[in-house]
Amino acid sequence: MAENKKKYSKGYSVMWLAFTAVYAVWMCFFMKADTYPAVDTGMTNPIFYPLWVVGSCIIMLSYIYFLNRYLYGSVSKGSKLFALVSLIFGCVFITWYGFFKNPFEYTASMIGLDYPWHFKMWGIFAPISIFVNTLYMYRKYDYSNKAGIISGSIGCAAMFVTINVPSAGEELILNSLRCMSHWTGALVFAFGCAVPVIMFLVHMAKTRDKRFIVSTVVFSAILLTMLILLATVGKNGIIESLPMWAVYILMFLINFTKLFELKKTEDKQPALV
(Lines give C-alpha, C1' and ligand atoms only; values in the text may rest on other atoms or scores of the structure.)
Protein backbone atom coordinates (compact mmCIF):
# COMPACT_ATOMS: atom_id res chain seq x y z
CA MET A 1 0.00 0.00 0.00
CA ALA A 2 1.33 3.41 -0.97
CA GLU A 3 1.55 6.20 1.56
CA ASN A 4 -1.75 7.99 2.05
CA LYS A 5 -1.68 11.57 0.76
CA LYS A 6 -4.21 12.69 3.34
CA LYS A 7 -2.87 14.78 6.18
CA TYR A 8 -2.79 13.03 9.54
CA SER A 9 -5.65 14.17 11.71
CA LYS A 10 -4.50 15.75 14.97
CA GLY A 11 -7.97 15.12 16.32
CA TYR A 12 -7.30 11.40 16.85
CA SER A 13 -4.08 12.19 18.72
CA VAL A 14 -5.83 14.70 20.96
CA MET A 15 -8.60 12.19 21.59
CA TRP A 16 -6.19 9.50 22.79
CA LEU A 17 -4.18 12.00 24.81
CA ALA A 18 -7.43 12.96 26.55
CA PHE A 19 -8.35 9.31 27.16
CA THR A 20 -4.91 8.67 28.67
CA ALA A 21 -5.03 11.78 30.87
CA VAL A 22 -8.46 10.87 32.28
CA TYR A 23 -7.33 7.28 32.85
CA ALA A 24 -4.15 8.43 34.63
CA VAL A 25 -6.10 10.74 36.94
CA TRP A 26 -8.60 7.97 37.71
CA MET A 27 -5.86 5.45 38.48
CA CYS A 28 -3.83 7.87 40.60
CA PHE A 29 -6.56 9.51 42.64
CA PHE A 30 -9.59 7.20 42.59
CA MET A 31 -8.40 3.61 42.17
CA LYS A 32 -5.17 4.08 44.20
CA ALA A 33 -4.75 0.33 44.67
CA ASP A 34 -5.78 -2.68 42.63
CA THR A 35 -7.61 -5.02 44.98
CA TYR A 36 -9.01 -8.45 44.20
CA PRO A 37 -11.01 -10.55 46.64
CA ALA A 38 -9.35 -13.82 45.61
CA VAL A 39 -5.60 -13.21 45.30
CA ASP A 40 -2.86 -10.78 46.14
CA THR A 41 -1.69 -9.24 42.85
CA GLY A 42 1.16 -7.34 44.42
CA MET A 43 -0.47 -4.05 43.46
CA THR A 44 -0.43 -2.94 47.08
CA ASN A 45 3.34 -2.78 46.71
CA PRO A 46 4.36 0.91 46.43
CA ILE A 47 6.41 0.12 43.31
CA PHE A 48 4.22 -2.26 41.30
CA TYR A 49 1.13 -0.07 41.14
CA PRO A 50 2.90 3.04 39.75
CA LEU A 51 4.69 0.84 37.22
CA TRP A 52 1.38 -0.60 36.05
CA VAL A 53 -0.16 2.89 35.77
CA VAL A 54 2.78 4.19 33.71
CA GLY A 55 2.94 1.06 31.57
CA SER A 56 -0.78 1.03 30.81
CA CYS A 57 -0.66 4.75 29.93
CA ILE A 58 2.16 4.07 27.46
CA ILE A 59 0.09 1.29 25.90
CA MET A 60 -2.84 3.70 25.52
CA LEU A 61 -0.60 6.25 23.81
CA SER A 62 0.57 3.55 21.37
CA TYR A 63 -2.87 3.76 19.73
CA ILE A 64 -1.80 7.13 18.32
CA TYR A 65 1.02 5.34 16.51
CA PHE A 66 -1.32 2.64 15.20
CA LEU A 67 -3.68 5.28 13.80
CA ASN A 68 -0.83 7.15 12.14
CA ARG A 69 0.78 4.03 10.71
CA TYR A 70 -2.25 2.18 9.38
CA LEU A 71 -4.43 5.07 8.23
CA TYR A 72 -1.90 7.57 6.94
CA GLY A 73 1.58 6.04 6.84
CA SER A 74 3.13 3.63 4.40
CA VAL A 75 1.83 0.18 5.29
CA SER A 76 4.96 -1.91 4.85
CA LYS A 77 5.33 -5.67 4.94
CA GLY A 78 6.30 -5.29 8.59
CA SER A 79 3.06 -3.45 9.36
CA LYS A 80 1.04 -6.11 7.57
CA LEU A 81 2.94 -8.83 9.43
CA PHE A 82 2.25 -7.13 12.77
CA ALA A 83 -1.45 -6.97 11.95
CA LEU A 84 -1.49 -10.68 11.06
CA VAL A 85 0.55 -11.79 14.08
CA SER A 86 -1.48 -9.66 16.49
CA LEU A 87 -4.71 -11.09 15.04
CA ILE A 88 -3.61 -14.70 15.42
CA PHE A 89 -2.01 -14.14 18.81
CA GLY A 90 -5.02 -12.24 20.12
CA CYS A 91 -7.41 -15.00 19.09
CA VAL A 92 -5.19 -17.76 20.52
CA PHE A 93 -4.62 -15.88 23.78
CA ILE A 94 -8.27 -15.13 24.58
CA THR A 95 -9.21 -18.73 23.73
CA TRP A 96 -6.39 -20.19 25.85
CA TYR A 97 -7.19 -17.86 28.74
CA GLY A 98 -10.90 -18.63 28.51
CA PHE A 99 -10.24 -22.29 29.33
CA PHE A 100 -8.32 -21.64 32.56
CA LYS A 101 -11.69 -22.48 34.10
CA ASN A 102 -14.90 -23.98 32.74
CA PRO A 103 -15.95 -21.41 30.06
CA PHE A 104 -19.58 -22.51 30.35
CA GLU A 105 -19.57 -21.24 33.91
CA TYR A 106 -16.89 -18.55 34.19
CA THR A 107 -16.52 -15.34 32.21
CA ALA A 108 -13.15 -13.76 31.39
CA SER A 109 -13.56 -11.34 34.28
CA MET A 110 -14.44 -14.09 36.74
CA ILE A 111 -11.32 -16.00 35.69
CA GLY A 112 -9.42 -12.76 36.22
CA LEU A 113 -10.14 -12.89 39.95
CA ASP A 114 -7.71 -15.82 40.19
CA TYR A 115 -5.50 -14.84 37.24
CA PRO A 116 -5.41 -11.02 37.40
CA TRP A 117 -2.30 -10.48 35.30
CA HIS A 118 -3.55 -12.79 32.58
CA PHE A 119 -6.80 -10.82 32.59
CA LYS A 120 -4.85 -7.59 32.17
CA MET A 121 -3.03 -9.12 29.21
CA TRP A 122 -6.40 -10.23 27.81
CA GLY A 123 -7.57 -6.61 28.03
CA ILE A 124 -4.44 -5.40 26.23
CA PHE A 125 -4.02 -7.97 23.46
CA ALA A 126 -7.67 -8.26 22.41
CA PRO A 127 -8.34 -4.53 21.80
CA ILE A 128 -5.00 -3.92 20.06
CA SER A 129 -5.41 -6.88 17.71
CA ILE A 130 -8.97 -5.92 16.79
CA PHE A 131 -8.22 -2.19 16.47
CA VAL A 132 -5.09 -2.63 14.34
CA ASN A 133 -6.86 -5.03 11.99
CA THR A 134 -9.89 -2.75 11.73
CA LEU A 135 -7.56 0.08 10.65
CA TYR A 136 -5.77 -2.22 8.22
CA MET A 137 -9.10 -3.37 6.79
CA TYR A 138 -10.21 0.24 6.29
CA ARG A 139 -6.94 1.12 4.57
CA LYS A 140 -6.89 -1.99 2.38
CA TYR A 141 -10.32 -1.21 0.96
CA ASP A 142 -9.81 2.56 0.84
CA TYR A 143 -12.63 3.08 3.30
CA SER A 144 -12.74 6.01 5.70
CA ASN A 145 -15.28 6.59 8.44
CA LYS A 146 -14.47 8.93 11.31
CA ALA A 147 -17.44 7.73 13.35
CA GLY A 148 -16.18 4.16 13.09
CA ILE A 149 -12.64 5.07 14.12
CA ILE A 150 -13.83 7.17 17.05
CA SER A 151 -16.19 4.40 18.14
CA GLY A 152 -13.40 1.82 17.99
CA SER A 153 -11.09 4.13 19.94
CA ILE A 154 -13.66 4.69 22.68
CA GLY A 155 -14.25 0.94 22.88
CA CYS A 156 -10.55 0.15 23.26
CA ALA A 157 -10.07 2.89 25.85
CA ALA A 158 -13.01 1.57 27.87
CA MET A 159 -11.29 -1.79 28.23
CA PHE A 160 -8.65 -0.16 30.43
CA VAL A 161 -11.40 0.47 32.97
CA THR A 162 -12.69 -3.08 32.80
CA ILE A 163 -9.33 -4.80 33.37
CA ASN A 164 -8.71 -2.72 36.49
CA VAL A 165 -12.08 -3.49 38.08
CA PRO A 166 -12.97 -7.13 37.35
CA SER A 167 -16.35 -8.33 38.53
CA ALA A 168 -17.50 -11.88 39.14
CA GLY A 169 -21.19 -11.49 39.72
CA GLU A 170 -23.31 -10.17 42.53
CA GLU A 171 -21.74 -12.25 45.31
CA LEU A 172 -18.22 -10.97 44.65
CA ILE A 173 -18.95 -7.36 43.80
CA LEU A 174 -16.97 -5.12 46.13
CA ASN A 175 -19.35 -2.22 45.71
CA SER A 176 -21.96 -0.99 43.27
CA LEU A 177 -19.67 1.66 41.75
CA ARG A 178 -17.05 -0.97 40.97
CA CYS A 179 -19.66 -3.19 39.36
CA MET A 180 -21.00 -0.32 37.28
CA SER A 181 -17.49 0.65 36.14
CA HIS A 182 -16.70 -2.90 35.08
CA TRP A 183 -19.91 -3.62 33.21
CA THR A 184 -19.96 -0.20 31.55
CA GLY A 185 -16.39 -0.63 30.34
CA ALA A 186 -17.10 -4.11 29.01
CA LEU A 187 -20.27 -3.07 27.18
CA VAL A 188 -18.63 0.02 25.67
CA PHE A 189 -15.72 -2.12 24.49
CA ALA A 190 -18.00 -4.66 22.83
CA PHE A 191 -20.25 -2.06 21.21
CA GLY A 192 -17.45 0.34 20.31
CA CYS A 193 -15.37 -2.29 18.52
CA ALA A 194 -18.35 -3.87 16.74
CA VAL A 195 -19.62 -0.59 15.26
CA PRO A 196 -16.67 0.11 12.89
CA VAL A 197 -16.76 -3.47 11.61
CA ILE A 198 -20.51 -3.32 10.95
CA MET A 199 -20.15 0.08 9.25
CA PHE A 200 -17.50 -1.35 6.94
CA LEU A 201 -19.53 -4.46 6.12
CA VAL A 202 -22.69 -2.44 5.41
CA HIS A 203 -20.72 -0.06 3.18
CA MET A 204 -19.22 -2.92 1.20
CA ALA A 205 -22.57 -4.73 1.03
CA LYS A 206 -23.96 -1.68 -0.78
CA THR A 207 -21.73 -2.62 -3.71
CA ARG A 208 -23.98 -5.70 -4.02
CA ASP A 209 -21.00 -7.97 -3.54
CA LYS A 210 -22.54 -11.23 -2.33
CA ARG A 211 -19.53 -12.03 -0.15
CA PHE A 212 -19.98 -8.89 1.90
CA ILE A 213 -23.76 -9.19 1.97
CA VAL A 214 -23.50 -12.68 3.42
CA SER A 215 -20.81 -11.57 5.88
CA THR A 216 -22.96 -8.67 7.07
CA VAL A 217 -25.94 -10.93 7.66
CA VAL A 218 -23.92 -13.65 9.40
CA PHE A 219 -21.98 -11.25 11.63
CA SER A 220 -25.16 -9.39 12.61
CA ALA A 221 -26.86 -12.71 13.34
CA ILE A 222 -24.00 -13.73 15.65
CA LEU A 223 -24.27 -10.45 17.57
CA LEU A 224 -28.04 -10.89 17.87
CA THR A 225 -27.60 -14.48 19.01
CA MET A 226 -25.18 -13.36 21.72
CA LEU A 227 -27.68 -10.79 23.01
CA ILE A 228 -30.48 -13.36 23.06
CA LEU A 229 -28.30 -15.87 24.92
CA LEU A 230 -27.23 -13.24 27.44
CA ALA A 231 -30.87 -12.40 28.11
CA THR A 232 -32.08 -16.01 28.31
CA VAL A 233 -29.18 -18.20 29.40
CA GLY A 234 -27.04 -15.63 31.19
CA LYS A 235 -23.40 -14.73 30.72
CA ASN A 236 -20.54 -17.20 30.44
CA GLY A 237 -17.18 -17.37 28.70
CA ILE A 238 -18.44 -19.08 25.56
CA ILE A 239 -21.27 -16.60 24.98
CA GLU A 240 -19.09 -13.52 25.51
CA SER A 241 -16.40 -14.96 23.21
CA LEU A 242 -18.72 -15.69 20.27
CA PRO A 243 -18.55 -12.21 18.68
CA MET A 244 -14.79 -11.99 19.28
CA TRP A 245 -14.13 -15.31 17.56
CA ALA A 246 -16.40 -14.19 14.74
CA VAL A 247 -14.57 -10.89 14.23
CA TYR A 248 -11.17 -12.60 14.35
CA ILE A 249 -12.18 -15.09 11.67
CA LEU A 250 -13.85 -12.39 9.57
CA MET A 251 -10.86 -10.06 9.70
CA PHE A 252 -8.47 -12.86 8.84
CA LEU A 253 -10.49 -13.74 5.76
CA ILE A 254 -10.88 -10.11 4.68
CA ASN A 255 -7.36 -8.90 5.42
CA PHE A 256 -5.17 -11.88 4.66
CA THR A 257 -6.88 -14.11 2.12
CA LYS A 258 -8.11 -13.63 -1.42
CA LEU A 259 -11.65 -14.64 -0.51
CA PHE A 260 -12.82 -11.01 -0.37
CA GLU A 261 -10.37 -9.61 -2.90
CA LEU A 262 -11.98 -7.06 -5.20
CA LYS A 263 -11.56 -7.02 -8.95
CA LYS A 264 -9.49 -4.21 -10.42
CA THR A 265 -12.60 -2.49 -11.73
CA GLU A 266 -13.98 -2.51 -8.18
CA ASP A 267 -10.86 -1.20 -6.47
CA LYS A 268 -11.97 2.42 -6.36
CA GLN A 269 -15.07 2.38 -4.28
CA PRO A 270 -16.43 5.59 -2.77
CA ALA A 271 -14.64 5.69 0.57
CA LEU A 272 -15.67 8.77 2.49
CA VAL A 273 -18.76 8.68 4.67
Side-chain angles (χ1 to χ4, degrees), residues 66 70-71 83-84 86-95 98 103 107-108 122-123 125-156 158-159 162 185-233 235-263 266 269-273:
F66 296 140
Y70 287 94
L71 287 183
L84 175 59
S86 68
L87 187 73
I88 295 174
F89 181 80
C91 183
V92 170
F93 185 89
I94 69 163
T95 303
T107 65
W122 186 101
F125 297 142
I128 286 179
S129 58
I130 292 173
F131 189 74
V132 164
N133 276 276
T134 298
L135 297 177
Y136 181 73
M137 181 173 67
Y138 276 32
R139 183 68 179 278
K140 182 177 180 180
Y141 288 86
D142 193 27
Y143 176 66
S144 177
N145 190 313
K146 290 183 179 180
I149 294 170
I150 292 173
S151 174
S153 296
I154 293 174
C156 291
M159 179 50 67
T162 299
L187 289 172
V188 172
F189 165 70
F191 179 78
C193 291
V195 166
V197 177
I198 292 174
M199 285 181 168
F200 171 81
L201 291 175
V202 170
H203 169 78
M204 298 303 295
K206 290 179 180 178
T207 64
R208 296 185 180 181
D209 188 310
K210 293 182 180 179
R211 297 166 298 181
F212 285 104
I213 293 174
V214 171
S215 298
T216 303
V217 173
V218 171
F219 187 64
S220 299
I222 290 173
L223 295 179
L224 181 60
T225 300
M226 182 199 69
L227 293 175
I228 294 174
L229 290 174
L230 285 175
T232 56
V233 179
K235 61 180 182 177
N236 63 46
I238 296 295
I239 293 175
E240 72 176 9
S241 295
L242 280 176
M244 296 192 69
W245 286 329
V247 80
Y248 277 126
I249 294 172
L250 180 65
M251 285 186 170
F252 176 78
L253 295 175
I254 291 176
N255 288 346
F256 304 107
T257 72
K258 295 182 178 181
L259 184 61
F260 288 85
E261 200 170 77
L262 298 177
K263 298 178 181 179
E266 298 175 302
Q269 298 292 340
L272 296 178
V273 175

So do [Y] and [X] actually touch side chain to side chain, heavy atoms under 4.5 Å?
X	Y	answer
L262	F212	yes
I198	L223	yes
Y138	I149	yes
F66	L71	no
L229	N236	no
F189	M159	yes
C193	F131	no
S241	P103	no

Q. Using the ring of each side chain (for Trp, its six-membered ring), is F200 parallel, tilted or perpendicular to Y143, with breaks at 30° and 60°?
A.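 The arrangement is perpendicular - the two ring planes meet at more than 60°.
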Rounded to the nearest 0.5 Å, what separation is found between the [atom1] atom of [X] and the [atom2] atom of [Y]?
X	Y	atom1	atom2	answer
L201	S220	CG	OG	7.5 Å
C91	M244	SG	CE	8.5 Å
F219	L224	CZ	CG	12.5 Å
M204	D209	CE	CG	6.5 Å
L250	T216	CG	OG1	8.5 Å

If you compare all heavy atoms of [X] against all heavy atoms of [Y], which two are closest, and at what distance to 0.1 Å?
X	Y	answer
I94	A126	CG2-CB, 4.1 Å
M251	I130	CE-O, 3.7 Å
N255	K140	O-NZ, 2.9 Å
M226	I239	CG-O, 3.5 Å
A246	I222	CB-CD1, 3.6 Å
M199	A147	CE-CB, 4.0 Å

Q: Check the pair L84 / F252 against side-chain contact (heavy atoms from CB on, under 4.5 Å), numbers first and verdict last.
A: CA-CA 8 Å; L84 175 59; F252 176 78; 3.8 Å; yes
So, [X] side chain and [Y] main chain: donor-acceptor pair closer than 3.5 Å or not?
X	Y	value
N133	A83	yes
S151	P196	no
E240	K235	no
R211	E261	yes

Q. Looking at the rings of Y136 and F256, which for Trp means the six-membered one, are their centres under 6.0 Å apart?
A.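 When the ring centroids of Y136 and F256 are compared, they turn out to be within the sub-6.0 Å range.
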Q: Apply side-chain hydrogen bond (donor to acceptor under 3.5 Å, both in side chains) to T95 and list each qualifying residue two or more places apart in sequence or on a separate chain.
A: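 With sequence neighbours excluded, T95 shows a side-chain hydrogen bond (donor to acceptor under 3.5 Å, both in side chains) to W245, given in chain and number order.
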Q | Any donor-acceptor N or O pair under 3.5 Å, side chains S129, Y248 | A |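 Their side chains do contain a donor-acceptor pair, which is all the 3.5 Å distance test asks for.
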